[in-house]
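Report on the following structure.
We number each residue from 1, following the sequence as shown.
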Amino acid sequence: MSCEDVKSRPEDLAQTEDSKFALDSSSASVAAQIAHEENHPIRYRSCSWQKTTALLMSEYICLAILSFPWSFSVLGMVPGVIVTISVAASVQYTSYILWKFCMKHPEVRDVCDIGRIIFGGSDLAYNLTGLMFILNNTFIQALHCIVGAKYLNTITNSSECTIVFSAIITIICFVFSLPRTLNQLGGMGTFSAVTMGLAVLLALIFSGIQSEPAGFTAALGAPIVTSTPVPGTTFVLGMSAFLNISYTLIGQITLPSFIAEMKEPRDFPKALAAVTICEVVVFTLCGAIMYHFVGNQYMTSPAFGSLQPTYKKIAFSFALPTIVYLGSLYSSVTARFLFFRIFAKSEHRYTNTFKGWFVWSGIIAATWVLAFIIAEIIPFFSDMLSLMSSLFDGWFGFIYWGMCYLILYPGSERWNGTWRSAETLLNYFLMLFGLYMTVAGTYVSVESIIQSYQASEVGGVFTCVSNGL
């Protein structure tokens, strides 16, 4: 949907001139930013909408897709599909609100700038948003340390201590995080999205052609598939499944950073629409098809573990570029945020100086060291997804964008007509839902981690016990 489409609604006609002025001002500001960078070796406003699409694809077509079959096995086939489509629709809508906000405020460089604006210019809000932003990205990096070690343990039949494998992946990801601009990461993102798509496709094919799921026994019988949750499904389990789905779909936290590096941010809705269509199709098919063939008894998270050994190793190997690249992308986004604050008005920001590269590399290294530590403390794939979703997605998936909407339509403008009033009520609901997701989700995630440790699934913290599939 274009900005012109929104303005054509009757209730929006009163704001037509203001909206047009905001977009014109945005274009002027973006042009000024591009002109300012023109003579610098490092140019940040350099991403086309096609490369932005590649970055979004690489962010969303990720390892967490293979948690969908597990979530479907907990929720049942019908609720699994409904939750997937509903969350995707909410992400599409709130991302569009985010884009409109960024167009009105072209000075925004990342989600932290938005945090400052929506809380009335508060430096405290900016710093707290920055802290959540950094922690969110670092937890995602930690997830990739976990999955990287899981892959190496699986492919080598656990030939080394898990800590060693996690350290190896951390070092590799550090190297791939070093490029300074998102434009330089665009090509890598395309390759990552394609290979991850192949990994998912192979997992689906192998789950259908294998004689039986991994771990099959006569006692457990043929795979059982249900349309609704099985009797006895606990709130902790059901909420964890919802959080796993939400984590994969909710990625708005990085969108302001992507928009801030676009040559023409007006084109962002094109990238957003393309990615949303792809993710709904891929996520729903992955969850439904693999659950159909694997069933409740043999489901693992990630679902590669439900495949026979040879199939599992082949499909999992195609996910390796995403393991390395996507963690590197989040490290780069974090480093960009910190680097711009350290060198806000300095030659080091735009030129290839030794000091600039030393500080950039140091920030990258620090994020990966912290990610490695987190991965060793919370070494559970599904629980890590749930914890990240509950801590950050309530805020960056719902609450912040509802507040952005209220700023875009202040006072009586929110109730100007039936459609505008309905949209305002929707945004109030989204903010309340975000609060519920944060409180209930955090409780569920912590409880699930405790239960995982009690079950001795991978030993203790900093363990050599294999986490292979």
Side-chain angles (χ1 to χ4, degrees), residues 3 6 12 15 18-19 21-23 25-26 29-30 33 90-137 246 249-262 265 268-269 272 333-334 336-338 340-341 344 388-416 420-439 441-442:
C3 197
V6 175
D12 288 336
Q15 295 111 45
D18 289 342
S19 299
F21 174 77
L23 289 178
S25 299
S26 172
S29 178
V30 170
Q33 292 173 23
S90 74
V91 171
Q92 168 75 15
Y93 171 73
T94 53
S95 297
Y96 181 73
I97 294 296
L98 182 161
W99 169 74
K100 288 187 69 179
F101 191 85
C102 289
M103 292 298 291
K104 186 174 182 179
H105 296 276
E107 73 277 10
V108 165
R109 302 297 299 182
D110 47 52
V111 73
C112 306
D113 288 335
I114 292 179
R116 172 182 277 150
I117 295 170
I118 63 178
F119 285 102
S122 168
D123 287 339
L124 177 61
Y126 176 88
N127 292 328
L128 289 176
T129 303
L131 178 61
M132 288 195 294
F133 178 62
I134 292 170
L135 286 175
N136 175 80
N137 295 349
S246 298
L249 287 160
I250 293 174
Q252 295 97 311
I253 191 170
T254 60
L255 299 192
S257 300
F258 293 166
I259 295 171
E261 292 206 11
M262 291 185 70
F268 177 75
L272 180 64
V333 170
T334 296
R336 179 180 177 278
F337 164 70
L338 295 173
F340 280 14
R341 271 65 195 169
M388 289 188 294
S389 185
S390 60
L391 289 177
F392 308 114
D393 287 350
W395 293 96
F396 297 124
F398 300 100
I399 298 172
Y400 268 42
W401 318 126
M403 295 179 72
C404 283
Y405 172 87
L406 298 180
I407 292 175
L408 288 171
Y409 302 99
S412 60
E413 292 182 22
R414 300 171 195 163
W415 312 103
N416 187 9
R420 177 64 63 224
S421 298
E423 191 173 3
T424 298
L425 291 174
L426 171 63
N427 278 273
Y428 279 121
F429 168 77
L430 291 175
M431 288 190 287
L432 289 174
F433 183 78
L435 288 173
Y436 168 78
M437 186 175 174
T438 301
V439 176
T442 301

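When atom types are taken as modelled, the side chain of N127 and the backbone of D123 share a donor-acceptor pair closer than 3.5 angstrom. Using modelled atom types, one side-chain atom of D110 and one backbone atom of D113 make a donor-acceptor pair closer than 3.5 Å. Side-chain atoms of N427 come within 3.5 Å of backbone N or O of E423 as a donor-acceptor pair.
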Using the side chain to side chain contact (heavy atoms under 4.5 Å, CB included) rule, take V91 and W401 through it: C-alpha gap first, then chi angles, then the decisive distance, then the call.
CA-CA 10 Å; V91 171; W401 318 126; over 6 Å; no
For C102 and I114, run side chain to side chain contact (heavy atoms under 4.5 Å, CB included): C-alpha distance rounded to whole Å, both residues' side-chain angles, the deciding distance at 0.1 Å, then the answer.
CA-CA 8 Å; C102 289; I114 292 179; 4.2 Å; yes
Derivation of the side chain to side chain contact (heavy atoms under 4.5 Å, CB included) call for I97 and F101
CA-CA 6 Å; I97 294 296; F101 191 85; 5.6 Å; no
Would F398 and L435 count as a side chain to side chain contact (heavy atoms under 4.5 Å, CB included) if you check the C-alpha gap in whole Å, the side-chain angles of each, and the deciding distance to 0.1 Å?
CA-CA 9 Å; F398 300 100; L435 288 173; over 6 Å; no
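Counting only heavy atoms from C-beta outward, the side chains of F392 and L135 approach each other to under 4.5 Å. For the pair R116/T129, no side-chain contact is recorded, criterion being any heavy-atom separation below 4.5 Å from C-beta on. Contact of the F268 side chain with the L255 side chain is registered, since non-hydrogen atoms from C-beta on lie closer than 4.5 Å. Residues W395 and I253 are not in side-chain contact: their nearest non-hydrogen atoms beyond the backbone lie 4.5 Å or more apart. Side-chain atoms of F133 and P256, non-hydrogen and from C-beta on, never get closer than 4.5 Å to each other. For the pair I117 and C404, the minimum side-chain heavy-atom distance is 4.5 Å or more.
A cation-pi contact links R420 to Y409, judged by a cut-off of 6.0 Å to the six-membered ring centre and 45° from its axis.
Partner of F337 under the side chain to side chain contact (heavy atoms under 4.5 Å, CB included) criterion, chosen from V111, I134, N137: I134.
Closest non-hydrogen pair, S389 versus M437, comes out as OG-CE, 3.3 Å. The two atoms that bring I407 and P410 nearest to each other are O-CD, 3.4 Å, heavy atoms only. Minimum heavy-atom separation, A260 to R336: CB-NH2, 3.8 Å. Across every non-hydrogen atom of A125 and S122, the tightest pair is N-OG, 3.1 Å.
Atom CE of M431 is separated from atom CG of L426 by 10.0 Å, given to the nearest 0.5 angstrom. Here the CG-CD1 distance, from L408 to I118, works out to 11.0 Å after rounding to the nearest 0.5 Å. Here the straight-line distance linking atom CD1 of I259 with atom CG of L98 works out to 5.0 Å at 0.5 Å rounding. From Y126, atom OH reaches atom CZ of R341 across 3.0 Å, with rounding to the nearest 0.5 Å. The CD atom of Q252 sits 13.0 Å away from atom OH of Y400, with the distance rounded to the nearest 0.5 Å.
In this model, a donor atom of one side chain and an acceptor atom of the other lie less than 3.5 Å apart for T424 and Y405.
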